[in-house]
Amino acid sequence: MDKENPDSKRKAPRRKDDDRVILHFCVENSNPSLKTLPLGIKQKSILATCNYVARRHGVKKLMGIQEAKRLCPDLILADGEDLSPFRDVSKRIYSLLKSYSWNGRVERLGLDEVFLDVTDIIAYNLELLNHHNLENSWFCLSREDPEKGFEFDAREVKGCVYGEDESQQGDDGSKWRLLLGSHLAFYLRQEVESMGYTSACGIATNKLLAKLAGDKNKPRNQTTLLSSHSPIPFLNPLPLAKIPGVGSKTIHALKTLLQTESTELTVHDARTHPAVSPFALERLLCGSGGEKGIGQKIWLLLHGIDGSEVKPARDIPRQISIEDTYRGLTTLPQIRASLVQITGSLLRRMHVDLLDDSPSPSPVTTPSATSPPPTTVPTQKSGGGGGRRWMAQPKTLRLTTRPYFPPSEWDKVEYNTGRASKSVPLPRFIFDLKEDSEEIVERLVEGTLLPLFHTLNPDPKKWRVGLLNVCVTNMSGGGHEGGGGSDIVAAFQRQKEVGEIRAIAFADDQLLGDDDDDGDGSSEEPAEWVEDEDEQDGVRCQLCGCAIPVFAVEAHGRWHELEED
DNA sequence: CCGGGGGCCT
DNA sequence: AGGCCCC
């Protein structure tokens, strides 16, 4: 009866995907003084990246310094092991672009790329468009203030258009959306440029196509991929590895499946090969513990389909980590010094990224919690930092190590194997000091990281440390000034004042369960690590009796030096 | 002369 | 905790 309902037939073919407008920006420094000179950013013995002048000489990313110097003797090298300056720039660009977003869907990818879902802005402006006076159009950047915006000529797409041809069949709005998107992209690129940076941009209906389109006219132009024709011809000639999501493992698996090991696989090769189907890919890539649905996902990517959303802007990072590589640290003093160094960097990063910029209006600092001045530890700085509050407090600290492999063993070991890591609850006392962190570094290294290192590398004769990584993660909601909110903490306070408590242990659920747990912990002694061999009958929390996995804090006792061999 | 991050998934 | 992915 309703089988051939013309109404449903008219609506059916349209995917929601087609209505989106996604921008992908790729930013780089437009260093005026060095623009004409070949510049490379160095990390240890490797070239992390380089500018386009250097690339013209054949210099590539991740190339060895020696080879790069051979190809381009005049190459200027800048040290990029400390990413702080790059983070700074990245943050400013990101904030600029985010300030134009209406829906907060602004996603960073690395330090130099940003996705924007501007579907809502485009939809708003599509209704405003006067088709009888296209050349004098006004792009409105604010719902509240019609004056905020810019003039543009809506007769043409701004910037480059991929596959520019006669195909102007039935424009159902999709073309207009992308046209508007191209003008918005151009405006935003000018804003970025006024900050001193050049950028490329891709404009398309999903993240995959936007990113790939932006590659077409780097580094200083934009490319719109109209959705009026199929994305297949656009994708076909691209090397398979260009597809974001298809990494080295996937490439390797596919090459063995297709038995075309020699030639560089293109999207066309993979998509048209008879052995390739969503199921075959799933079987191939999901072998053991792989991501379920990955086969279909990759298969859809090969066809230009990507339903993934631009993730809303995240105020707080999921994790913060600092790492450094070494040519074989073997003695404890070396390791200790290295840990002190990276821990200092980590705490500085935490202060920059996790501590609120603006002082809180009420400078009330922990009225009752700190009332009895602790006699044991003189580290109390009465809420230093002028009342700044933590936007988030990490709950977990992780140390990762990798042994050093001399060059003679490089062919014998898999890169990235040999990494060992272990995470534990992060001692809360590190949130006390908000300005000077030297003593915290000491306590963290001596009380937590060094013991952790010993559990990861028990045998001093095998100490050949090639990498150290310290990471804080598992961020909790913002901590209020004052703390002492939870019963556990209150009990801790009480018993501490009376001087009864000898040891207190923090279990995971205590640290996790309390949204408002400031932890106080302002006057504990440095932490001590307790390894219990059988994980079943381990330490028990003296306050609530719950089982403690691994971590304990001495309140009044002393932590002892670790044995050094 | 083999970096220094970050994400999400299991 | 580790894998694979991104830059």
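Below, each value reflects all heavy atoms present in this structure, side chains not excepted, and no hydrogens, waters or symmetry copies.
- Within 4.0 Å (heavy atoms only), Ile46(A) reaches sugar-phosphate atoms of the nucleic acid but no base atom.
- At the phosphate of dC7(C), OP1 or OP2 sits under 4.0 Å from a side-chain N or O atom of Lys211(A).
- Using the Watson-Crick or G-U wobble rule with both distances under 3.5 Å, dC4(C) pairs with dG7(B).
- Atom OH of Tyr326(A) is separated from atom C1' of dG3(B) by 13 Å (rounded to the nearest Å).
- Dashed line: the shortest gap from a side-chain N or O of Ser423(A) to OP1 or OP2 of dA1(C) is under 4.0 Å.
- Look at CG on Leu399(A): it is 11 Å from P on dA1(C), rounded to the nearest Å.
- When the C1' atom of dC4(C) is taken as reference, atom CD1 of Ile294(A) falls 9 Å away, rounded to whole Å.
- Side chains of Tyr100(A) and Glu191(A): a donor on one and an acceptor on the other come within 3.5 Å.
- Rounding to whole angstrom units, CZ of residue Arg419(A) and C1' of dA1(C) are separated by 12 Å.
- With a 4.5 Å cut-off on side-chain heavy atoms, Ser182(A) and Gln222(A) count as touching.
- In this structure, Gly64(A) reaches neither bases nor backbone, as no heavy-atom distance under 4.0 Å exists between it and the strands shown.
- In this structure, Lys249(A) places its NZ atom 13 Å from P of dC6(C), rounding to the nearest Å.
- The interatomic distance linking Asp306(A) (CG) with dC5(C) (C1') rounds to 14 Å, in whole Å.
- By the side chain to side chain contact (heavy atoms under 4.5 Å, CB included) test, Lys292(A) is found to be paired with Glu282(A), residues two or more places apart in sequence or in another chain being considered.
- Side-chain contact check for Leu452(A) versus Val424(A): some heavy-atom pair is nearer than 4.5 Å.
- Within 4.0 Å (heavy atoms only), Ile251(A) reaches no atom of the nucleic acid at all.
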Please tabulate, one pair per line, all N/O donor-acceptor pairs under 3.5 Å involving side-chain atoms of residues 237-253 of chain A, not counting sequence neighbours.
none

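- Distance, Leu111(A) CG to dG3(B) P: 18 Å, rounded to whole Å.
- Under the 6.0 Å distance and 45° angle rule, Arg108(A) counts as a cation-pi partner of Tyr94(A).
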- Indicate for each nucleotide in nucleotides 4-10 of chain B, in 5' to 3' sequence, whether protein heavy atoms under 4.0 Å reach the base (B), only the sugar-phosphate (S), or nothing (-). BSSSSSS

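- Taking atom CZ on Arg402(A) and atom C1' on dG2(C), their separation rounds to 15 Å, with Å as the unit.
- Using a 4.0 Å heavy-atom criterion, one finds that Gln66(A) contacts the bases of the nucleic acid, with or without backbone contacts as well.
- With a 6.0 Å radius and a threshold of 12 heavy atoms from other residues, nucleotides or ligands, Gln259(A) has its CD atom at or below the threshold.
- For dC4(C), neither phosphate oxygen OP1 nor OP2 lies less than 4.0 angstrom from any side-chain nitrogen or oxygen of Thr250(A).
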